[in-house]
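Every number for a ligand or one of its atoms is a count from 1 in the order of the listing.
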Amino acid sequence: MTMTIRAACIMGWPVRQSRSPLIHRYWLKQHGLMGDYRREAVRPEDFPDFLARLAQRGYAGGNVTIPHKEVALRLSEPDERALAVGAANTLWLENGKLKSTNTDVEGFIGALDEAAPGWDDGLQKAVVIGAGGAARAVVFGLIERGVPRIHVVNRTLPRAEALRERFGPGIVPTSFDDLPGALEGAGLVANATSLGMEGYPDLEIDLSPMRADAVAADAIYLPLETSLLRAARARRMRTSDGLGMLLHQAGRGFELWFGVRPEVTSELRARIEAELLREQN
Ligand code: NAP
């Protein structure tokens, strides 16, 4: 008798920076499942063909990272969430059809719920910095949780204006010059740019105009403590980091490929955190 091992992968270019294999292999082992999760470095020009042969390659589906998220949306049957965000990060084969969703939304919101329970109680105003794929997922999650006014701050203002077109009048496109005014009385600030990531300039920000009980969130997990989170902790604000987002976005894909909904435990987090810190030092 032959046994088929189910497998999934992370597709990106480059892809070696991805920590997703650590997470999914941990869960496979924890649940005693025969399966594998691999890195696949796929050049943009090869991506359509790679997707067309996903089943032939032995994959039940996979995750998609930079620069493939928008193309993955076009080449699959997206659910409402992926369509609303305009990017897909999770793919799976269902009755021979390639389906997709965007789990960065639940990643961001799940991490916030864990790190700062009640963060959305009476939240009237939030500030999201960035207007790319991650920012669209963050904004969509905030709208789903009922935040009525969201300032989208971006270097290239027309990209922030495009979010207002996409998500409606609750979005206020804002330039970096107007960031201090946007932070005035806000209860949440989220960084969804590359600013603060290794190799990029820091996000310089004065959080003093924010509410005393405000929360700060960052999508970046390399480094684990970004300049935004450092500034927030100095003011005793609650924080949610990019590793929390990465862990919480992963569960849905695992469930779709391997049939079990895994948990984000403190042990899993500690393992990945140790790995990241080892690489940083
Ligand atoms: P993206 O679509 O390329 O968007 C990049 C964003 O960063 C844009 O708003 C861009 O502004 C801004 N930016 C880049 N360099 C800048 C600079 N020097 N000065 C000012 N703004 C700058 O990328 P993305 O997919 O949204 O990813 C954004 C970040 O989120 C990345 O750091 C990524 O690693 C992280 N992320 C984390 C997770 C997680 O699970 N933790 C998931 C997804 C993404 P312009 O529009 O002006 O270019």
If we only count N/O pairs under 3.5 Å, is [X] in contact with ligand 1?
X	value
G133	yes
I220	no
N154	yes
Q249	no
A131	yes

of all protein heavy atoms, closest to atom 41 (N) of ligand 1 is A219 O, 2.8 Å

How does D104 reach ligand 1, if at all, at less than 4.0 Å between non-hydrogen atoms: by side chain, backbone, both, or neither?
side chain

Have a look at ligand 1 and work out which part of A192, if any, has a heavy atom under 4.0 Å from it: side chain, backbone, both or neither.
backbone

Between E106 and R261, is there a side-chain N and carboxylate O pair less than 4.0 Å apart?
yes

Can you find a non-hydrogen atom of K69 under 4.0 Å from ligand 1?
yes

Is the closest heavy atom of S194 to ligand 1 under 4.0 Å?
yes

Let me see the working for F176 and L203 under side-chain contact (heavy atoms from CB on, under 4.5 Å), right down to the final yes or no.
CA-CA 11 Å; F176 270 98; L203 174 62; 4.1 Å; yes

